[in-house]
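See below for the structure under consideration.
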Amino acid sequence: LLKSDDRPTAIFACNDLMAVGVMNACSKLGIEVPKNMSVVGFDNTILANITQPKLTSVDLSMKEIGHRAALELLDIIENNTRVRKKIIIDTSLVVRESCGECRIKNEEQI
């Protein structure tokens, strides 16, 4: 993907570890983040703050996920039910240094 003629200007990875892998691959290919490629991770782990450049990431509360999972498990145990539920947990985007510049550069060229 990174070597293709029609290379994207941004990659959203499933988690921060994968995003770090994308940034490493970009570095090896001479693709500058964020100048030539924006990268965003998901889960906002400690990795996001120790990469160069710092990784933009979607933050979700692991504490909230654990709390909700425990409540659901207790409900299953107490009521002997296995009702499938859709649970939505709020997220937020933590913007750091790994995105933005590429978009601005491309808009200036249009």
Side-chain angles (χ1 to χ4, degrees):
L1 181 65
L2 295 177
K3 292 180 180 179
S4 70
D5 291 335
D6 193 25
R7 183 180 74 220
T9 59
I11 293 180
F12 178 79
C14 294
N15 57 56
D16 288 352
L17 186 58
M18 291 176 75
V20 169
V22 168
M23 292 198 311
N24 286 340
C26 286
S27 178
K28 287 179 182 177
L29 293 171
I31 301 168
E32 294 180 54
V33 174
K35 184 177 181 182
N36 307 117
M37 175 72 66
S38 293
V39 179
V40 178
F42 189 93
D43 59 11
N44 198 33
T45 62
I46 190 70
L47 287 174
N49 272 315
I50 62 173
T51 59
Q52 275 304 322
K54 291 183 179 178
L55 177 64
T56 295
S57 185
V58 175
D59 184 63
L60 70 158
S61 172
M62 297 307 268
K63 183 178 179 181
E64 179 68 17
I65 291 172
H67 178 75
R68 294 280 189 94
L71 290 176
E72 291 304 311
L73 184 57
L74 288 172
D75 185 49
I76 291 169
I77 292 168
E78 291 173 358
N79 299 312
N80 198 25
T81 60
R82 292 188 179 162
V83 178
R84 191 176 197 141
K85 295 180 183 178
K86 183 176 188 176
I87 298 172
I88 299 172
I89 296 176
D90 291 335
T91 60
S92 61
L93 181 64
V94 180
V95 179
R96 295 191 182 92
E97 301 164 347
S98 68
C99 67
E101 190 174 329
C102 186
R103 179 188 59 80
I104 293 167
K105 181 180 177 188
N106 287 342
E107 286 178 359
E108 289 173 356
Q109 292 175 352
I110 293 176

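Within 6.0 Å of CG in Asp90 there are 12 or fewer heavy atoms belonging to other residues, nucleotides or ligands. No more than 12 heavy atoms of other residues, nucleotides or ligands shown are found within 6.0 angstrom of CD1 on Ile46.
Residues Met37 and Ala10 come closest through the heavy atom pair SD-N, 3.6 Å. Of all heavy-atom pairs between Asp16 and Thr45, the closest is OD2-N, 2.6 Å. In terms of heavy atoms, Ala19 sits closest to Ala13 at N-CB, 3.5 Å.
Between the side chain of Ser98 and the main chain of Thr56, a donor-acceptor pair closer than 3.5 Å is present.
Under a hydrophobic clustering in which Ile, Leu, Val, Met, Phe, Trp and Tyr are joined whenever their side-chain heavy atoms come within less than 4.5 Å, directly or via other members, Leu1 and Met23 fall into the same cluster. Linking Ile, Leu, Val, Met, Phe, Trp and Tyr residues whenever their side-chain heavy atoms come within less than 4.5 Å leaves Val94 and Met62 in two separate clusters. Cluster membership for Val58 and Ile87, using ILVMFWY side-chain heavy atoms within less than 4.5 angstrom, is shared. Hydrophobic clustering, with ILVMFWY side chains joined whenever heavy atoms are under 4.5 angstrom apart, groups Leu93 together with Phe42. Residues Leu2 and Val33 fall within the same hydrophobic cluster, defined by Ile, Leu, Val, Met, Phe, Trp and Tyr side chains chained together at heavy-atom separations under 4.5 Å.
Side-chain contact between Arg7 and Leu29 is absent, with no heavy-atom pair separated by less than 4.5 Å. Side-chain atoms of Arg96 and Asn44, non-hydrogen and from C-beta on, do get closer than 4.5 Å to each other. Between Glu97 and Pro34 the shortest side-chain heavy-atom distance does not fall below 4.5 Å.
Glu72 has no carboxylate O lying under 4.0 Å from a charged side-chain N of Arg68, or vice versa, which leaves the two without a salt bridge.
The CD1 atom of Ile76 lies 11.0 Å from the CG atom of Leu71; values are rounded to the nearest 0.5 Å. The distance from the CG atom of Leu47 to the NZ atom of Lys54 is 13.5 Å, given to the nearest 0.5 Å.
Exactly one of Val22, Val20, Ile31 qualifies for a side chain to side chain contact (heavy atoms under 4.5 Å, CB included) with Val39. That residue is Val22.
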